[in-house]
Amino acid sequence: MSNPRFLTGSAADIMAAARTLADGNLLGLPTETVYGLAADALNPRAVAAIFSAKGRPADHPLIIHLASSAQVPLFAAGVPAFATALIKAFWPGPLTLILPRRAGVADAAAGGHATVALRCPSHPLAQQVLQQALALGVQGVAAPSANLFGRVSPTTALHVREAFADLHIMDGGDCDVGIESAIVDLSRGAPVLLRPGMLTAAQLSAVCGSPVQTAYAQGQAAAGVADAPAAPGTLESHYAPRARVRLMNAAAMAAGLQSASLPVAALWLRTPLHVPPGILSLRMPADAAGCAHELFARLRELDTAGVGEIWIETLPADAVWDGVRDRLLRASA
Ligand code: AMP
Ligand code: MG
């Protein structure tokens, strides 16, 4: 890309972003969850460029972002009643639906799987870019998180620039949600939550009218997760900073810090217990939404500061924390 730059929300820059996609190039795109590395989902060459830029294996499917639910039938072979209800309740928003894929459509973006992952993001700039791109003939935009494979997802335009020197990046500010979308698989008959986000299984179940099963590892079990067949996002080690992440309760953390020798950082949800001098100690918001919003940026800052280990206070057990817990379990795997 010649003259890679940051794009604003001006009409001219929205058009420049849409043209970038229509021309088959990559774009850093803000969404309410995290920043995406975006390209025309129906252009196999553009999709291949996403995989190679990220270093992502080509069989790990990408989420396709849509301007509205009107584009769903272009990609999905069938739309079960569950899907219609979830779309009505949560789109545009941080929910990805896995649906049976229309044969021959978006093969590369779907990594050859028989299903396709679809989402309609609510970020106002993402909405405008998707609509303008649609007007230029781009019917869906494949966009995995704009980070190198396995690393922490970006939540600011600068995070994207750190990994990708050579693309236009639209600056949409800090991502509101801050962790990736919840992914619900609707291709198996009954809905299954593959990746928790900020929407809880209970909220999704209420809309589906039947319990949404969960297929992600929780608690201790997460340490033993192998490559999950349906969702590469459930790889054991993912979303990982360079520093080693350890989860422990506040008392164990305070006790361990007394004799910690490495450059260690401590993240607390409550008022920190006694912290020895020299330990980098940060207080995170004590509510799940606030914590999700800040988490990835803090992990990146601590990596930049060169800490060897990040000790994080164990999260509260309630389901509203499932999305944050999932990311931390993977970061610590
Ligand atoms: P990312 O955009 O980096 O958050 O990663 C997208 C994630 O979406 C993948 O890691 C998968 O977990 C999930 N995904 C995308 N397409 C499918 C699919 N067809 N079936 C199951 N999971 C999918
Ligand atoms: Mg990702």
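We count ligands from 1, going down the list as the structure has it; atoms in each ligand are counted the same way.
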Is a donor from one side chain sitting under 3.5 angstrom from an acceptor on the other, for [X] and [Y]?
X    : Y    : value
T8   : D13  : yes
N147 : Y35  : no
T115 : S187 : no

Where on [X] is there a heavy atom closer than 4.0 Å to ligand 1, on the side chain, on the backbone, on both, or on neither?
X    : result
R195 : side chain
I183 : side chain
R56  : side chain

For [X], take its heavy atoms, then give the atoms of ligand 1 lying under 4.0 Å from any of them.
X    : value
I98  : 17 (C), 18 (C), 20 (N), 21 (C), 22 (N), 23 (C)
T115 : 18 (C), 19 (N), 20 (N)
A117 : 15 (C), 16 (N), 17 (C)
P144 : 2 (O), 3 (O)

Subject >> Contact check: S145 to the Mg ion (ligand 2), N/O/S below 2.8 Å >> reply: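 Looking at S145, which is the residue asked about, there is an N, O or S atom under 2.8 Å from the Mg ion (ligand 2).
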Original post:
Other hydrophobic cluster members with L134, side-chain heavy atoms of Ile/Leu/Val/Met/Phe/Trp/Tyr under 4.5 Å, chained?
Top reply: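 Its cluster partners, ordered by chain and number, are none at all.
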Subject >> Pair E313 + R270: basic N to acidic O under 4.0 Å >> reply: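 A salt bridge links E313 with R270.
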Subject >> From CA spacing to verdict: ring-ring contact (aromatic ring centres under 6.0 Å, His included), H60, F149 >> reply: CA-CA 10 Å; H60 284 214; F149 182 64; 5.4 Å; yes
Subject >> Any N/O pair H113/ligand 1 closer than 3.5 Å >> reply: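 No; the residue has no nitrogen or oxygen that sits under 3.5 Å from a nitrogen or oxygen of the ligand.
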Subject >> Pairwise salt bridge (Lys or Arg N to Asp or Glu O under 4.0 Å) hits with a residue in residues 196-205, at least two apart >> reply: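 Passing the test, one end in residues 196-205: no pairs.
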Original post:
Which of these, P61, A142, S145, has its nearest heavy atom closest to atom 3 (O) of ligand 1?
Top reply: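 Result: the heavy atom closest to atom 3 (O) of ligand 1 is in S145.
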